[in-house]
Structures are given as C-alpha cells and as structure tokens.
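Notes follow once the structure below has been shown.
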Amino acid sequence: SIYRKIDPQKAQDYLERALLIYKDFYGENDIKTAEVLAHLGRFHRNMGHYVKAKDLLERAILIHDSNSVKKPIEYAWLTINLGVVYRNLGYNEEAKKLFERGLSINEKTLGKEHIDVGWSRIHLGIIYGNQGNLLMAKQLIQKSLEQYKQHYGKDHPKTAWASEKLGVIYRESKEYTKANNMFNQSLNIYREHYGTDSVQVAFLMHNIGEMKFMEGNLKEAEEYLHKSFEIFKNKNHPEIYRVLGSLIELYLKKSIAENNQNNIHQGQIYYNKAIYFLSELQKILKINFPEDSPYVKKINLKYSQIMKENI
C-alpha cells in the first residue's frame with residue numbers, strides 16, 4: 001500500500017515477486033496465490049492498466065471458483081474490483097452483474113449495515129448512473145453516504161469520495177446547486193488530506209469542469225479541466241484520458257460558437273486544440289484499452305469524421 005502511493009514501480013516489483021513466491025510455495029491454483037493476483041490486479045486497475053488488471057482479477061476469480069476453500073468476503077472484494085475495471089472499459093452491463101453479486105455476498109456475510117456493504121452499494125449506484133437510472137443511483141449512494149458519515153466522520157477522505165459520487169449523480173440530474181455543494185465539500189477534504197496536486201483533486205476538478213460545461217459556463221469549465229489535465233499530466237497518470245475527452249468536447253463547442261460569430265480564425269484555433277487532444281486520447285486508448293472496448297468504439301464512432309480528416 002505504501003509503495004503504491006509513493007513509488008508505483010517498486011509496488012509492482014514487490015507484488016510480482018510475491019506472486020512468484022506464492023506460486024512456487026502454494027501452487028498456481030491455491031487461494032493464497034489468488035489473493036496476490038487480486039492485489040496485483042487492483043494495483044494495475046489503480047494505474048489505469050485495465051487490460052492487465054482484467055486478466056489478473058479474472059484469473060483470481062477462476063481460482064476462487066474452482067477452490068473448495070470459500071472466502072466470501074475476499075470473493076466479494078474481487079468481484080467489485082473486477083466490476084470497476086469492466087465499468088472503466090465501458091462494459092456496463094457486465095460490471096452491473098459483478099457489483100450486484102458482490103453486494104449480495106457482502107450483505108449475506110457482513111449484514112446490511114456494514115461499511116463494506118455501503119462501499120459495494122456506491123459502485124452499483126455509479127453503474128446505475130452510467131445507465132441513466134439516476135433515481136436508483138441517487139437512492140443507493142445517498143444511503144451509503146450516510147453510512148460513511150457515521151462510520152468515518154463527515155471530514156474523512158472516504159466520506160469525501162462518497163460525497164463526490166453523489167455529486168456526480170446530482171450533476172447528471174441537473175441539480176447543479178446540490179452537485180456544487182457536494183463537490184466543494186469533497187474538494188476541501190481532498191486538499192487537506194492529499195494536497196492540492198493530488199490525483200483525488202484532479203478527478204474532482206474534472207467533475208467540476210464537466211458540471212460547468214453542462215451549465216454552459218465554458219470559461220470556468222476550461223479552467224477546471226486544464227487544472228485537472230495538468231495534475232494528471234505531471235503525474236503521468238493514465239486516467240488523463242477522461243479529461244482529454246472533456247477537452248475535445250469543450251474546444252469543439254467553442255469552435256462552433258466562434259464560427260457562428262464569423263470569427264473563423266479563432267474557431268480554427270479551438271478546432272486545432274480539439275484535434276490535438278483527440279490525438280493524445282487515441283495514444284492512451286491504444287496502450288490501455290482493448291480494441292473491442294465499448295469506450296474505444298464509442299470514441300471512434302463519435303469522432304470518426306474528424307479522425308479521417310486529421311489523424
């Protein structure tokens with residue numbers, strides 16, 4: 001955990017060495033080997049290496065499924081982490097099934113009021129939000145947020161994470177005042193606990209930028225998105241792909257607005273920026289996403305004409 005936060009390469013080396021030792025000592029199909037596979041998979045998930053993470057987590061689940069020793073809590077943790085990978089790749093229906101399975105196991109094993117059940121419920125709520133069922137998403141995440149406040153306290157970074165997720169649902173519901181309140185609460189906690197240039201702040205800046213864009217405030221949207229972009233870029237973090245997608249949309253919209261005002265030169269400048277960010281997005285997708293990922297297909301379809309003309 002410490003290596004993962006300070007030196008990702010050391011974390012990867014440590015986990016890979018541990019995996020070799022466990023395979024040699026316990027065997028490739030032992031439940032203990034599956035635990036190391038799971039942690040290595042989660043490491044790659046956090047680093048944005050989704051293809052690698054998917055392979056490792058799926059291998060761990062196969063070992064659990066074929067093993068006579070059952071560890072339901074670890075299995076639920078595995079299914080939810082694999083669900084996050086599937087969700088990030090755009091496989092929303094598959095992710096939903098994994099979250100439902102993990103939530104069901106945790107409820108039966110730990111009881112409905114356990115904090116890990118709240119964690120499971122938030123991930124299921126996120127997928128409902130992605131699929132447009134904002135009412136169900138709101139109900140699930142609101143309930144979990146109250147659990148987080150009681151368990152961790154209102155100023156804990158994990159509570160801030162839950163608040164941010166609810167803020168996203170409020171944003172998508174166009175309840176911008178509520179979304180803004182949630183985002184600001186989370187931002188203050190993140191800055192205090194992680195620092196102003198942390199990945200957590202970058203994620204939140206992106207969410208705020210998206211909200212400003214939806215409100216039509218393109219100036220502030222641009223400011224927040226660029227702050228997020230710079231943090232991710234400085235940390236060489238693969239999750240920058242999310243911000244790149246938002247920046248493409250921002251500059252295409254600004255380009256159209258300028259062209260409508262007959263400011264053709266400025267419109268072209270903004271269009272060129274959109275092209276630049278699209279080319280950067282394509283590079284990241286080729287590295288970290290499989291070609292059949294729904295997210296990749298969505299991007300290729302959405303910007304097919306631009307790519308034919310410019311990339």
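Excluded from the calculations below are hydrogen atoms, water molecules and symmetry mates; all remaining heavy atoms, backbone and side chain alike, are included.
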Check your understanding: Distance-only, no hydrogens or angles: does the D55 side chain make a donor-acceptor pair with backbone N or O of V51 under 3.5 Å?
Key -> no
Practice item. Compute the ring centroids of Y176 and Y170, then answer whether they are less than 6.0 Å apart. Key: no
Point to revise | Heavy-atom donor-acceptor pair, S163 side chain to T159 backbone, under 3.5 Å | key: yes
Practice item. Check the side chains of E28 and Y22 for a donor-acceptor pair under 3.5 angstrom, ignoring hydrogens and angles. Key: no
Point to revise | Residue list, side-chain hydrogen bond (donor to acceptor under 3.5 Å, both in side chains) with K52, at least two apart or on another chain | key: none
Check your understanding: Is the NZ or CZ atom of K70 both under 6.0 Å from the centre of the six-membered ring of Y75 and within 45° of that ring's axis?
Key -> no
Practice item. Measure the OG-CG distance between S120 and L140 for me, rounded to the nearest 0.5 Å. Key: 11.0 Å
Practice item. Indicate whether the side chain of N207 and that of R171 have a donor and an acceptor atom separated by less than 3.5 Å. Key: yes
Check your understanding: Are the charged groups of E100 and R121 less than 4.0 angstrom apart, N to O?
Key -> no
Check your understanding: More than 12 foreign heavy atoms under 6.0 Å from CD of Q266: is that the case here?
Key -> yes
Check your understanding: Going from CG on L82 to CZ on F99, what distance comes out if it is rounded to the nearest 0.5 angstrom?
Key -> 9.0 Å
Review point. Do the side chains of L281 and I248 get nearer than 4.5 Å, heavy atoms only?
Key: yes
Check your understanding: Between the side chains of Q142 and E146, is a donor N or O closer than 3.5 angstrom to an acceptor N or O?
Key -> no
Check your understanding: Does the T33 side chain pair with the main chain of G27, one donor and one acceptor, at a distance under 3.5 Å?
Key -> yes
Check your understanding: Would you say L124 and Y128 make side-chain contact, with heavy atoms under 4.5 Å?
Key -> yes
Review point. Less than 4.0 Å between a side-chain N and a carboxylate O, is that true for D13 and R17?
Key: no
Review point. Is K23 atom NZ crowded by more than 12 heavy atoms from other residues, nucleotides or ligands, each under 6.0 Å away?
Key: yes
Revision key, fill the gap. Hits for side-chain hydrogen bond (donor to acceptor under 3.5 Å, both in side chains) against E258, two or more places apart or cross-chain, chain-then-number order -> N263
Point to revise | Aromatic contact, W77 with H39 (centres under 6.0 Å) | key: yes
Practice item. State, with a plain yes or no, whether a side-chain heavy atom of F289 is found less than 4.5 Å away from one of Y241. Key: yes
Check your understanding: Pick one: which of R242, K54, R45 meets side chain to side chain donor-acceptor pair (under 3.5 Å) with N88?
Key -> R242
Check your understanding: Are K286 and E291 side-chain neighbours, meaning at least one heavy-atom pair lies under 4.5 Å?
Key -> no
Point to revise | R101 backbone acceptor or donor facing T79 side chain under 3.5 Å | key: no
Check your understanding: Sequence neighbours excluded, which residues qualify as side chain to side chain contact (heavy atoms under 4.5 Å, CB included) partners of E220?
Key -> K212, N217, E223, Y224
Exercise for review: Measure the spacing between CD1 of I122 and CD of E164 and express it to the nearest 0.5 Å.
Suggested key: 11.0 Å
Study note, to complete from the structure: Rounded to the nearest 0.5 angstrom, the OG-CE distance for S228 and M205 is 8.5 Å
**Study point:** CG on N92 to NZ on K96, rounded to 0.5 Å
**Key:** 10.0 Å
Review point. Between F203 and H237, what is the ring plane arrangement, given parallel below 30°, perpendicular above 60°, and tilted in between?
Key: perpendicular
